[in-house]
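Because the structure is predicted, anything quoted here is derived from the model rather than measured. Note: hydrogens, waters and symmetry copies are ignored here, and every other heavy atom, side chains too, is used.
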Amino acid sequence: MKKILLSFVLIAIVITTKAQWAVQTSGKTNDFYSVYFIDANNGFVVGDDDGMGSGGMILKTTNGGSTWTPQVSNTYSILNAVHFTDLNTGYIVGGSGLILKTTNGGSTWTPQTSNVSGNLKSICFPNATTAFVVGSGGIILKSTNSGSTWTTLNSGRTNLLKSVYFVNTTTGYAVGDSATILKTTNGGISWTAQNSGITGMFKNLNAVYFTDVNTGYAVGQSGKIIKTTNGGTTWTAQTTSVTNDIFSIKFVDANTGYAVGWTKVLKTTNGGTNWTVQSSGISGTYDNLNSVFFLNTNLGFTVGLKGRILKTTNGGVTGFEQNIKEVQLDIFPNPTTDEITVNIDNKENSVLTLNIYNTIGALVKQLQLSENQQKINVQDLNNGVYMIEIKSKTLLAKKKLIIQK
């Protein structure tokens, strides 16, 4: 096949960014513990009773957080976590074994039978029908019918489990107090304890999140962030500048992640190697941020005590000037059958990420470029038109790729 050289230049520009995290008006002083957005407009926040007899708090927005409307929970239990599988179907877990379900976008919530009485802290859906819940006393519950019935699994633990995350329907993790990390590879039938590597007095873990089957993160007391790259066989402490507890973590891709805790928002753009502290704009006593949720690298929300709801539309970036330098990028051949060569004038050796998207915008391939000139195997992609994106902190380049086999 004849090789066709495609070149384009990124022109040096200066971007000035000023916005970061903006306070949204919740109209409440309740403590919020979880936030979940279905899309850019529709989201939910859940939390505690405000002491005025209103019951467990549920708020809904349909305009991206500009206004929030209380929903009727019909319970006085604390509400710890919320998750939606589509625009209409959602779930909330809370105290006293509470599991609520809605099938009409939150207009009404129906209690589900959990057959447990402990405090349920976290819920995860690896697909639309399969769900896992964890809580106090080592509770782990599983549903395979969209929450209609729940089965108690044997965790082998009696301590509080605070967070659960499943990579798929078979492989999942649960973390909790006393540096507990549990892993299952058979859909929860059996769980194996893993060594977190955390020692000392303050070793409770509050949240866990995985970006793929091998790479995951857990956060906890005293600013702890630990990472695994081998499916939990070993965990390595990551360096942060914070010493306060971290309560929630969320990644939007393999490199970009956020964690929140005591008035702090942390961000990484290199898979946890470095974490930058972002100003949340709050500094009150016991002003924890308890949950963070991002829809993409720019649009995110975090919630916490005293009715706090914060929003960012630029990834929480503070005001700065960023120089995007002129970079030459060549890709050939194009069209191609199975392989392309990427050649980048990257004199500063910036860390570059290559993303390939299909025509509906779904990410179908992602890798980090280790060389300025590198061959990329695309044999696993079907015939069609794709968009190649190469980006770092200082550059962004896009070009169409045609695969013809």
Side-chain angles (χ1 to χ4, degrees), residues 33-34 78 80-81 83 93-95 97 114 116-124 126 131-142 150-168 170-211 213-238 240 243-251 257 259-262 272 288 290-292:
Y33 296 111
S34 181
I78 185 173
N80 293 318
H83 184 102
V93 298
S114 68
V116 296
S117 58
N119 190 17
L120 302 181
K121 296 288 290 183
S122 175
I123 184 169
C124 176
F132 296 86
V133 171
V134 299
S136 60
I139 291 172
I140 302 181
L141 304 178
K142 179 179 181 178
W150 295 86
T151 302
T152 302
L153 305 177
N154 182 16
S155 70
R157 309 289 294 197
T158 58
N159 56 298
L160 174 63
L161 298 177
K162 295 180 177 178
S163 179
V164 60
Y165 190 88
F166 269 71
V167 183
N168 50 49
T170 57
T171 303
Y173 299 80
V175 302
D177 286 355
S178 302
T180 298
I181 302 179
L182 302 178
K183 179 180 179 179
T184 181
T185 57
N186 54 18
I189 296 173
S190 60
W191 295 81
T192 303
Q194 298 188 312
N195 184 5
S196 68
I198 298 175
T199 59
M201 292 179 58
F202 304 104
K203 55 184 182 178
N204 293 341
L205 294 174
N206 298 320
V208 61
Y209 192 91
F210 271 69
T211 57
V213 292
N214 293 313
T215 308
Y217 304 80
V219 298
Q221 285 185 298
S222 302
K224 289 181 177 63
I225 301 179
I226 57 176
K227 177 181 179 179
T228 181
T229 57
N230 54 17
T233 302
T234 57
W235 293 82
T236 304
Q238 308 296 285
T240 71
T243 57
N244 298 116
D245 294 359
I246 301 174
F247 296 105
S248 180
I249 186 167
K250 170 77 173 179
F251 273 73
V260 298
W262 190 324
N288 295 345
N290 294 318
S291 178
V292 62

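Two residues are said to be in side-chain contact when any heavy atoms from C-beta on lie closer than 4.5 Å; T171 and F210 fail this criterion. In this structure, the side chains of K162 and F247 stay at 4.5 Å or more apart for every pair of heavy atoms. Side-chain contact between N204 and D177: present, with at least one pair of heavy atoms (C-beta onward) separated by less than 4.5 Å. Using a 4.5 Å heavy-atom cutoff, the side chains of P126 and N168 are not in contact. Side-chain contact between V208 and I181 is absent, with no heavy atoms from C-beta onward closer than 4.5 Å. The shortest side-chain heavy-atom distance between L141 and T152 falls under the 4.5 Å cut-off. Y217 has its side chain within reach of T211: a pair of non-hydrogen atoms, C-beta onward, lies under 4.5 Å apart. Within the 4.5 Å cutoff, side-chain heavy atoms of Y33 are placed close to those of I78.
The shortest heavy-atom contact between C124 and Y165 is SG-CA, 3.9 Å. Closest non-hydrogen pair, Q194 versus G231, comes out as NE2-O, 3.4 Å.
Below 30°, between 30° and 60°, or above 60°: for Y173 and W235 the angle between ring planes is above 60°, a perpendicular geometry.
A donor-acceptor pair shorter than 3.5 Å can be found between the side chains of N159 and T180.
The residue from V133, V164, N80 that alone fulfils the side-chain contact (heavy atoms from CB on, under 4.5 Å) condition with I123 is V133.
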